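Heads up: the structure comes next, in structure tokens.
This is a predicted model, so every value here is computed, not measured.
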Amino acid sequence: MKRRLARGSAGADRPVLLTREVAGRELIASCCARSLDAGVRTGMDLAHARSLMPAGASPHIEPHRPDRQQEALVALSKRLLRLSPLVQPDPPDGVFIDFTGTEFVHRGETRIIRSAARGLRKLGVHARLGIASTFACAWGLARFAPRSPAVAREGEEKAALAPLPVAALHLDEATTFAFREVGITRVEHLLALRRSSLVARFGPEILERLDKAFGIIPERLTPIDPPAPLHASLLFEGPSDQWASLEAAARQVLTELVSHLATRERGVRSLLIELRRPDAKPEMRTVTLSRASRNEKHLWSLVRSQLERVDLSKGVEGVVLRARRTARLRHEQLASPALGGSAEQAAQAAWGELIDTLIDRLGADNVVRIEAVESHLPEHAHRERSVLEQPGSRATVTAADRPARLFPQPEPAEAMALVPDGPVLSLTWRRRRWRVVACAGPERLSAEWWRWPDQGRQAVPPDRDYYALQLETGLWVWACRQLKTRRWFVHGEWC
Amino acid sequence: MVGFQSESPKPCFSSLSELRAACLPARPARVLPTGLGLDQDLPHAGLAFGKVHEWLGVLEPDETPGGKRWSPPLTLLTHLVRGALERADNAQARVLWITRRGAASLTPFPASFAGEGARDALACSIFVYAPLPEQRLWAIDLALRSRAATAVVADGTGLDLAATRRLQLAAEASGAICLLARPPWEHAALSASATRWLIRSAVSPSHSRRWTVSLLRCKGTQPAPEATRLWTLERDHATRTFALVPDVRERSGEAAPGTRQRWG
């Protein structure tokens with residue numbers, strides 16, 4: 001299945017107009033979606049276009065630079081490589097993507113279309129999508145179909161192209177004009193004519209286009225090359241079990257990788273260290289960073305701590321460092337405050353390095369944020385989330401009177417009161433009996449009704465009545481009584 | 001005869017106040033007012049940033065000296081952390097809590113963080129769990145030296161003089177405030193911290209929580225009798241503030257609580 005999209009210029013806060021100078025006049029070369037809605041068309045005079053703009057919207061006017069448009073198109077095509085390895089830019093403003101066979105990776109054709117549309121929207125590109133079994137058909141659908149995305153199933157190309165104007169066949173201007181003179185405006189009119197008369201009248205190209213559109217003549221794609229992955233390596237002449245040689249080799253490889261990153265203005269987020277072993281599979285280690293970085297000192301400290309855990313007795317034949325995940329990191333971000341960089345960036349960089357070093361030594365599960373969760377039950381009221389992940393949606397933290405600390409396990413206790421549901425007089429807890437000086441409560445906490453709508457299930461946590469008890473030493477504890485089993489527990493304390 | 005050049009004369013002070021200013025320790029760059037109502041007795045009217053302050057925890061009910069269970073004074077620590085975040089000078093203020101899991105963990109219940117304030121203390125906090133004391137010491141040192149954290153709250157059980165001195169130097173270099181929670185049986189341990197406090201529960205006649213806070217050690221002041229360094233604090237849950245409870249007992253000849261002898 002091929003796909004083609006026609007790209008308008010990116011939507012921004014202000015309408016954008018690109019102009020071209022022709023014989024002393026400034027004509028519109030292309031415009032953004034907002035201007036299209038206002039009625040601006042290609043080839044219009046600039047003054048006319050400005051008059052059509054709504055009052056108050058000052059348009060951004062720039063001369064049209066075809067070379068920069070071509071560069072932007074190639075960059076966009078490289079980003080679309082995530083959908084399929086076969087991508088070809090189609091100047092001036094389109095991209096061909098061949099995603100035959102990738103349906104099982106993306107789990108279905110509709111998902112591919114949806115993720116492509118979403119991704120392009122996020123990039124700020126106003127795109128129209130056409131999907132068909134041939135490129136020529138997709139080209140026409142993307143440009144001229146009434147709605148985007150326009151999909152033509154296998155074998156339905158004729159039906160899909162028929163209602164479209166003749167220009168959907170990617171003909172040159174002279175032929176289109178000739179067609180219009182004769183009264184052939186839509187492709188279905190063209191299909192109604194005999195093939196021999198078409199050749200005689202308008203030349204052989206029209207037949208070639210039709211055959212390509214319906215899949216009779218094959219089309220070829222020249223895909224762009226994907227960007228080369230970032231890696232650097234050093235292979236030894238023979239195995240070595242010396243730490244000094246491994247350290248020196250790794251340092252040299254890291255320096256090389258950092259220079260590659262610097263030329264591409266990227267920072268690494270996930271680094272793969274591969275140690276080649278003689279007569280064995282290479283050993284892989286991964287270093288993950290919380291922020292993209294190409295600070296050689298910081299990367300070296302993380303790589304070195306990984307290398308220290310390697311068993312050198314089996315020998316190492318080479319070191320390869322691959323940057324698995326990278327992110328854009330402009331040069332300005334590395335400026336130190338002494339050189340005029342902002343303190344904010346220095347603080348962010350210092351924070352990222354601190355987190356990375358802590359995670360490297362203690363593990364990602366032990367450096368966490370705590371998030372509040374929508375739940376009454378105190379043991380479910382919060383959840384840990386690793387610092388590397390994005391913070392989730394925040395629940396409101398209840399302002400009720402809750403203890404400063406919750407015990408890891410509720411501790412069993414026994415309480416005595418004068419009347420069954422009355423104030424508690426004494427508490428037996430931790431093998432000692434305490435006199436209760438003050439008692440506040442009860443507060444009933446039951447299971448979250450939205451989690452277990454059917455109340456008859458066994459897994460529902462039982463209701464509890466919570467009391468705040470002041471013991472004779474002045475310590476306040478949070479004790480609860482399970483209603484079903486009538487057992488008491490001490491759950492937390494105000495310390 | 002050999003001539004010699006005399007050295008340049010030592011600088012002299014033109015007044016007594018200049019001499020005093022040269023001898024006294026410098027004022028800290030930033031100070032955290034404790035908000036507990038006892039700032040007038042601290043040398044700089046609050047806890048200095050860039051220093052280590054120790055908070056010895058509440059004794060557990062069945063505590064025997066040498067036992068293993070203690071409760072860190074989390075209510076006070078979260079109150080101080082909220083104050084420190086309000087006084088942070090950079091836009092992205094962060095607090096690190098370095099502790100271990102399980103019993104005697106410093107993880108406060110999230111509801112105790114709720115309350116008014118410009119910065120959401122829970123969102124600015126990162127919790128680091130390190131099971132071994134050496135790992136905790138390393139993590140506190142790293143966090144203080146990195147200049148990325150505004151405040152570091154840590155479990156300082158078993159830290160000796162060398163360790164606390166190392167942390168003190170790291171805190172001075174970065175300007176972050178370090179609050180160490182220690183078990184109450186370590187009150188006699190040598191340490192390089194600037195202040196050391198002991199918190200105990202106190203019986204309260206009403207439903208508000210009460211603690212007695214005593215200042216065991218404060219650098220830059222002379223030791224004073226214990227009665228003058230003991231305060232009773234009461235916490236109002238609704239406003240989440242602390243208030244001093246005045247001492248009702250009046251003993252003749254004793255200094256009223258709250259007055260201390262100070263240099264200068």
Side-chain angles (χ1 to χ4, degrees), chain A residues 343-344 346-355 357-359 361-363 365-373 378 381-382 384 387 391 394 396-409 429-432 434 437-440 468 470-477 492-495, chain B residues 57-62 69-75 77-78 90-92 94 96 98 101-103 105-115 120 122-123 125-131 135 138-139 142-143 145-149 199-207 209-212 235 237:
Chain A
E344 180 73 33
Q348 287 282 352
W351 174 250
E353 288 173 18
L354 170 68
I355 293 290
T357 319
L358 284 172
I359 289 180
R361 179 143 172 199
L362 300 171
D365 293 333
N366 286 330
V367 182
V368 294
R369 272 194 197 100
I370 292 196
E371 295 180 336
V373 172
H382 57 278
E384 289 182 3
V387 172
R394 291 200 338 215
T396 50
V397 180
T398 174
D401 195 7
R402 290 284 177 263
R405 194 167 80 104
L406 222 56
F407 295 134
Q409 296 286 338
W429 174 49
R430 289 189 180 168
R431 292 194 296 266
R432 215 186 118 168
W434 306 89
V437 171
C439 172
Q470 184 179 185
L471 307 178
E472 52 192 327
T473 55
L475 180 71
W476 282 83
V477 295
E493 60 178 348
W494 276 266
C495 54
Chain B
V58 181
L59 287 167
E60 288 276 281
D62 65 340
R69 268 207 286 233
W70 62 288
S71 304
L74 282 173
T75 322
L77 289 176
T78 50
N90 55 337
Q92 185 70 299
R94 291 182 189 96
L96 255 85
I98 301 172
R101 290 190 197 270
S105 165
L106 276 186
T107 316
F109 195 53
S112 54
F113 276 111
D120 183 0
L122 191 59
S125 298
I126 304 281
F127 293 85
V128 178
Y129 294 107
Q135 288 175 336
W138 167 82
L142 191 70
R145 269 190 290 118
S146 78
R147 295 169 196 266
I199 320 284
R200 284 184 285 241
S201 310
V203 181
S204 85
S206 64
H207 279 250
R209 321 285 182 242
R210 271 199 195 176
W211 293 272
T212 53
R235 184 165 189 260
H237 170 70

Exercise. Sort out for me which of Ser201(B), Ala130(B), Pro73(B) touches chain A most, counting heavy-atom pairs under 4.5 Å.
Key: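 Sorted descending by pairs with chain A, the first entry is Ser201(B).
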Of Pro205(B), Gly57(B), Pro72(B), the largest count of non-hydrogen pairs under 4.5 angstrom with chain A goes to Pro72(B)
Which atoms of [X] are under 4.5 Å from chain A, going by heavy atoms: the side chain, the backbone, both sets, or neither?
{"X": "Thr78(B)", "value": "neither"}
{"X": "Ile199(B)", "value": "neither"}
{"X": "Arg235(B)", "value": "neither"}
{"X": "Ser125(B)", "value": "backbone"}
{"X": "Ala202(B)", "value": "backbone"}

Is [X] close to chain B through its backbone or its side chain, or both, or neither, when contacts mean heavy atoms under 4.5 Å?
{"X": "Trp476(A)", "result": "side chain"}
{"X": "Ile370(A)", "result": "both"}
{"X": "Val387(A)", "result": "side chain"}
{"X": "Glu353(A)", "result": "neither"}

- Message: Determine whether Ile126(B) and Leu358(A) satisfy the following criterion, side chain to side chain contact (heavy atoms under 4.5 Å, CB included), listing intermediate values before the conclusion.
- Response: CA-CA 11 Å; Ile126(B) 304 281; Leu358(A) 284 172; over 6 Å; no
What pair of heavy atoms forms the shortest contact from Phe127(B) to Pro108(B), and how long is it?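 Nearest pair, atom of Phe127(B) first, then Pro108(B): CE2-CD, 3.7 Å.
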#### Entry: Most chain B-contacting option - heavy-atom pairs closer than 4.5 Å, from His382(A), Arg369(A), Arg361(A)
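Top count of heavy-atom pairs under 4.5 Å with chain B: Arg361(A).
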Pair count under 4.5 Å, heavy atoms only, with chain B: among Val437(A), Thr357(A), Ile359(A), highest is Thr357(A)
Discussion item. Side chain to side chain contact (heavy atoms under 4.5 Å, CB included) for Trp211(B) and Thr75(B)? Distances and angles first, verdict last.
Written reply: CA-CA 10 Å; Trp211(B) 293 272; Thr75(B) 322; 3.7 Å; yes
Look up atom [atom1] in [X] and atom [atom2] in [Y], then write down how far apart they are to the nearest 0.5 Å.
{"X": "Asp365(A)", "Y": "Arg101(B)", "atom1": "CG", "atom2": "CZ", "answer": "7.5 Å"}
{"X": "Phe407(A)", "Y": "Ser71(B)", "atom1": "CZ", "atom2": "OG", "answer": "6.0 Å"}
{"X": "Arg200(B)", "Y": "Leu475(A)", "atom1": "CZ", "atom2": "CG", "answer": "14.0 Å"}

As a quick check of understanding, evaluate side chain to side chain contact (heavy atoms under 4.5 Å, CB included) for Asp401(A) and Arg209(B), giving each step before the final call. CA-CA 11 Å; Asp401(A) 195 7; Arg209(B) 321 285 182 242; 2.7 Å; yes
Worksheet item: Under 3.5 Å, is there a donor-acceptor pair between the Tyr129(B) and Thr107(B) side chains?
Response: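 Indeed, the side chains of Tyr129(B) and Thr107(B) share at least one donor-acceptor pair under 3.5 Å.
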Original post:
Are there more than 12 heavy atoms of other residues, nucleotides or ligands under 6.0 Å from atom CD of Gln409(A)?
Top reply: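 Count not over threshold, so no.
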